[in-house]
Amino acid sequence: MKYKNFFITLIISVLMNGFLFAQDIIEIASGQANAGLLETTINNDVDGSGNRLSPNRIYKLMPGIHYQLAPINVDNPTGTIRIVGDDSGKKPVIIPIATNDIGPEGSVINGSLEMKNVHYQNYDDIGGGVFARFELQGLNRKLTVEDCLFEFAQHQVFFCDNVTQGLVLEFRNNYFRDLFWDDQWWASRVFQAKVPIDTLIFENNTVTGSGMALLQQEAVCNYALINHNSFINNHGYVILNNYYFEAYFTNNLFYNCQIKGEDSTVIKLEPDVIPTCIMGLDTIDTDILLADYMVDGSGNLIAPYNDIGNYKVYASNNIYFNESTLDPYYNGTYNSMGWGAPVSYLNWFGEGPWKVYVPTPWMNERAKKLYADWPNIVEENTILDQDPQLNTEALSAEDAEQLAIWNRRQYAVPDETRIPDLSGYLFGDGNPLTIPGVETEDGDGITKFSDLVEDLSYSANIKSTLDGHSIGALHWTDEISSFDPDESLASILQGYNNATGVELISNNIPTEYNLDQNYPNPFNPSTNINFSIPKSGHVSLVVYNVLGQQVAELVNQEMIAGKYTYDFDASELSSGIYIYQLNAGNYSVSKKMMLLK
């Protein structure tokens with residue numbers, strides 16, 4: 001018995017001294033001799049029953065090129081697969097390699113996924129693509145992608161339709177480069193999530209050459225922060241979703257976006273026959289996919305989602321600009337209809353020709369009315385038709401004509417028999433085997449995005465009135481070193497409060513982070529957990545058992561600075577010691593509590 005008590009004391013001591021969450025890291029060597037090592041190391045981390053041995057292990061890629069021969073397929077329902085590049089120099093590169101002319105299919109992860117500081121080629125070495133390179137499945141999944149370079153996409157890089165609830169997406173400081181796929185408009189996406197999204201953070205990213213860049217079609221998004229991104233040369237819908245409860249579209253550059261326009265066949269699908277716009281918005285209703293917590297037992301919206309007066313939507317300090325090189329296509333120069341617009345022969349509603357509506361408006365009549373009628377829905381400080389003067393030409397006149405040819409072929413124009421050359425539409429060379437280097441397309445990798453051959457900063461002096469930074473993604477300039485996402489979010493929330501006339505009560509905002517001891521403790525079956533955050537930002541509050549397995553997630557969202565109380569109900573858990581951990585900004589702390597039944 002004394003040995004049992006000793007080990008119990010030892011376990012509690014380890015828990016109290018913070019050793020439970022020591023990082024589990026395994027290094028993955030690069031090079032041709034280690035082809036397939038990445039996926040076999042991840043896939044084989046299981047016991048005889050197929051259970052994950054290390055559900056939260058970090059797979060650290062050593063510098064160089066990693067050759068992927070097979071998918072990463074794992075069942076990891078309680079943990080996060082973490083693929084992290086060594087940060088001592090150039091980003092490690094992953095190239096899928098075809099075997100007998102068949103490339104590795106997409107990776108499927110029943111769990112959460114984190115990717116940081118890697119360069120992933122989404123086409124294999126012979127130029128083949130797949131439906132999705134990474135698919136997430138299950139409940140309460142989180143996808144975190146930071147400081148990564150992704151080139152190419154056939155349909156999408158990330159597929160999340162099989163995460164049925166609790167989906168959290170965080171993309172920060174990435175470049176999705178040359179996603180163009182010449183088979184159709186609708187593909188070449190960063191992600192597809194035709195399911196309810198709890199939290200979507202898309203901040204300081206660049207997307208070029210995509211179709212439907214962020215596809216959240218006809219599903220509610222509870223919270224979205226789309227901040228400081230650059231969308232350049234995107235021929236399809238940049239953001240295809242209109243259903244948000246709380247959303248901030250701020251400090252973004254939309255440059256040559258939704259180039260194809262819309263023809264009458266698509267517009268007739270809209271209930272009010274109004275063309276889709278860049279900054280779309282609609283009301284939340286039961287005709288779209290909703291999270292379970294938004295409806296009652298009869299499927300009706302519950303408070304606060306049943307009242308549009310409770311929405312928070314803020315569009316501010318965005319630039320929307322189309323280059324003059326697109327004017328010949330927009331003005332109908334390539335057809336003889338005399339409509340002053342492109343033409344479509346798509347026949348979803350009978351034979352064409354149909355008029356194509358271009359350029360795409362910033363807001364359509366539906367969105368304008370919502371912004372005008374509701375004081376809690378705000379659009380301000382939008383910069384339209386002002387050229388920010390990119391330091392690399394986005395679309396030359398020659399390349400704009402080639403893109404017009406491709407669009408006309410997609411619109412089934414019968415007299416368009418020319419074959420377009422779209423190589424100039426890409427900033428890179430379109431070859432998955434040539435690795436970008438410093439201002440070259442045949443190098444050995446990059447450290448930062450400004451090393452690339454293109455320079456997507458701009459020379460116009462345009463600064464955000466919210467946080468003072470240049471509008472658009474900041475990784476093209478030295479401003480990235482001074483960018484603080486918490487401070488930027490605080491400025492956005494302050495801007496929204498100023499616009500809606502809500503005064504922040506500063507004396508109620510805590511001056512420091514704090515996590516209180518739960519009360520009561522010990523407890524049965526519930527206890528309260530209090531914490532304070534002095535800065536707005538992303539907050540997570542998670543409960544673990546003594547094995548380090550997550551048993552509850554109380555918070556995982558963006559929060560305004562303040563003091564909070566959460567009730568933890570442990571009715572379904574067994575007696576024992578549990579750890580609750582708060583993460584907010586750079587602050588992280590864990591405390592133990594005891595459940596006695």
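Position 1 is the first residue of the sequence; numbering continues from there. Given the structure is predicted, the values throughout are model-derived calculations rather than measurements.
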Look at the side chain of [X] and the backbone N and O of [Y], then say whether any donor-acceptor pair between them is shorter than 3.5 Å.
| X | Y | result |
| --- | --- | --- |
| N234 | G211 | no |
| N300 | D296 | no |
| N331 | T333 | no |
| S457 | T477 | no |
| N347 | P353 | no |
| H228 | S470 | yes |
| R189 | W186 | yes |
| T360 | Q258 | yes |
| N310 | P304 | yes |
| Q121 | F152 | no |

Evaluate the criterion side-chain hydrogen bond (donor to acceptor under 3.5 Å, both in side chains) for residue pair S396 and D399; output intermediate values, then yes/no. CA-CA 5 Å; S396 69; D399 293 327; 3.0 Å; yes

Validation row: [X], [Y] side chains within 4.5 angstrom (heavy atoms):
| X | Y | result |
| --- | --- | --- |
| V168 | L143 | no |
| F449 | K91 | yes |
| L253 | L390 | yes |
| D178 | T208 | yes |
| R408 | V343 | yes |
| N173 | I480 | yes |

Just do the side-chain hydrogen bond (donor to acceptor under 3.5 Å, both in side chains) check on Q192 and H155 with the steps written out, would you? CA-CA 9 Å; Q192 174 174 317; H155 278 268; over 6 Å; no

Worked check of side-chain hydrogen bond (donor to acceptor under 3.5 Å, both in side chains) between Y237 and E262: CA-CA 10 Å; Y237 306 93; E262 283 191 318; 2.5 Å; yes

Are the aromatic ring centres of [X] and [Y] under 6.0 angstrom apart?
| X | Y | result |
| --- | --- | --- |
| F245 | Y305 | yes |
| Y243 | Y311 | no |
| Y411 | W354 | no |
| W406 | H235 | yes |
| Y371 | Y314 | no |
| F483 | H475 | no |

Only one of T392, T206, N391 passes side chain to side chain donor-acceptor pair (under 3.5 Å) with W476; say which it is. T206

Only one of N317, N318, N229, N227 passes side chain to side chain donor-acceptor pair (under 3.5 Å) with N251; say which it is. N227

Does the pair T250 and L466 meet the rule for a side chain to side chain contact (heavy atoms under 4.5 Å, CB included), with working shown? CA-CA 9 Å; T250 50; L466 293 171; 4.0 Å; yes

Does the structure place the NZ or CZ of K312 under 6.0 Å from the centre of the six-membered ring of Y248, at an angle of no more than 45° from the ring's axis? no

Quiz item: cation-pi between K260 and W185, 6.0 Å / 45°: yes

Kindly give the heavy-atom pair with the smallest separation between [X] and [Y], and that separation in Å.
| X | Y | value |
| --- | --- | --- |
| L169 | C160 | CD2-SG, 3.9 Å |
| V413 | Y345 | CA-CD1, 3.7 Å |
| S491 | D467 | OG-CB, 3.5 Å |
| P196 | A291 | CG-N, 3.6 Å |
| E151 | R177 | OE2-NH1, 2.7 Å |
| A412 | L346 | CB-CD2, 4.2 Å |

Working for side chain to side chain contact (heavy atoms under 4.5 Å, CB included), residues L456 and I232: CA-CA 9 Å; L456 300 182; I232 299 173; 3.9 Å; yes

Just verifying a value: how many Å separate [X] [atom1] and [Y] [atom2], rounded to the nearest 0.5 Å?
| X | Y | atom1 | atom2 | result |
| --- | --- | --- | --- | --- |
| N205 | F231 | CG | CZ | 7.5 Å |
| L301 | N306 | CG | CG | 6.5 Å |
| E398 | D421 | CD | CG | 11.5 Å |
| N556 | D198 | CG | CG | 8.0 Å |
| I302 | M294 | CD1 | CE | 9.0 Å |
| S230 | Y175 | OG | OH | 9.5 Å |

Paired with F180, the ring-ring contact (aromatic ring centres under 6.0 Å, His included) test is passed by just one of Y425, Y123, F427, namely Y425

The single option from F150, Y120, F191 that satisfies ring-ring contact (aromatic ring centres under 6.0 Å, His included) with F134 is Y120

Check this for me: does any side-chain nitrogen of one of K142 and E553 sit under 4.0 Å from a carboxylate oxygen of the other? no

Check E146 with K116, please: is the shortest side-chain N to carboxylate O separation under 4.0 Å? yes

Examine the side chains of Q154 and N122 and answer whether a donor and an acceptor come within less than 3.5 Å of each other. no

Can E114 and T144 be counted as having a side-chain donor-acceptor contact under 3.5 angstrom? no

Could you go step by step and tell me if S344 and D263 meet the side-chain hydrogen bond (donor to acceptor under 3.5 Å, both in side chains) rule? CA-CA 7 Å; S344 164; D263 71 345; 2.6 Å; yes

Surrounding CG of D373 (heavy atoms of other residues, nucleotides or ligands, distance under 6.0 Å), is the total greater than 12? yes

Are more than 12 heavy atoms from other residues, nucleotides or ligands located less than 6.0 Å from atom NZ of K369? no

Test I383 against I471 for side chain to side chain contact (heavy atoms under 4.5 Å, CB included), laying out the working first. CA-CA 10 Å; I383 302 171; I471 294 174; 4.0 Å; yes

Please step through side chain to side chain contact (heavy atoms under 4.5 Å, CB included) for the pair L370 and I308, ending with a clear verdict. CA-CA 10 Å; L370 286 171; I308 191 173; 3.7 Å; yes

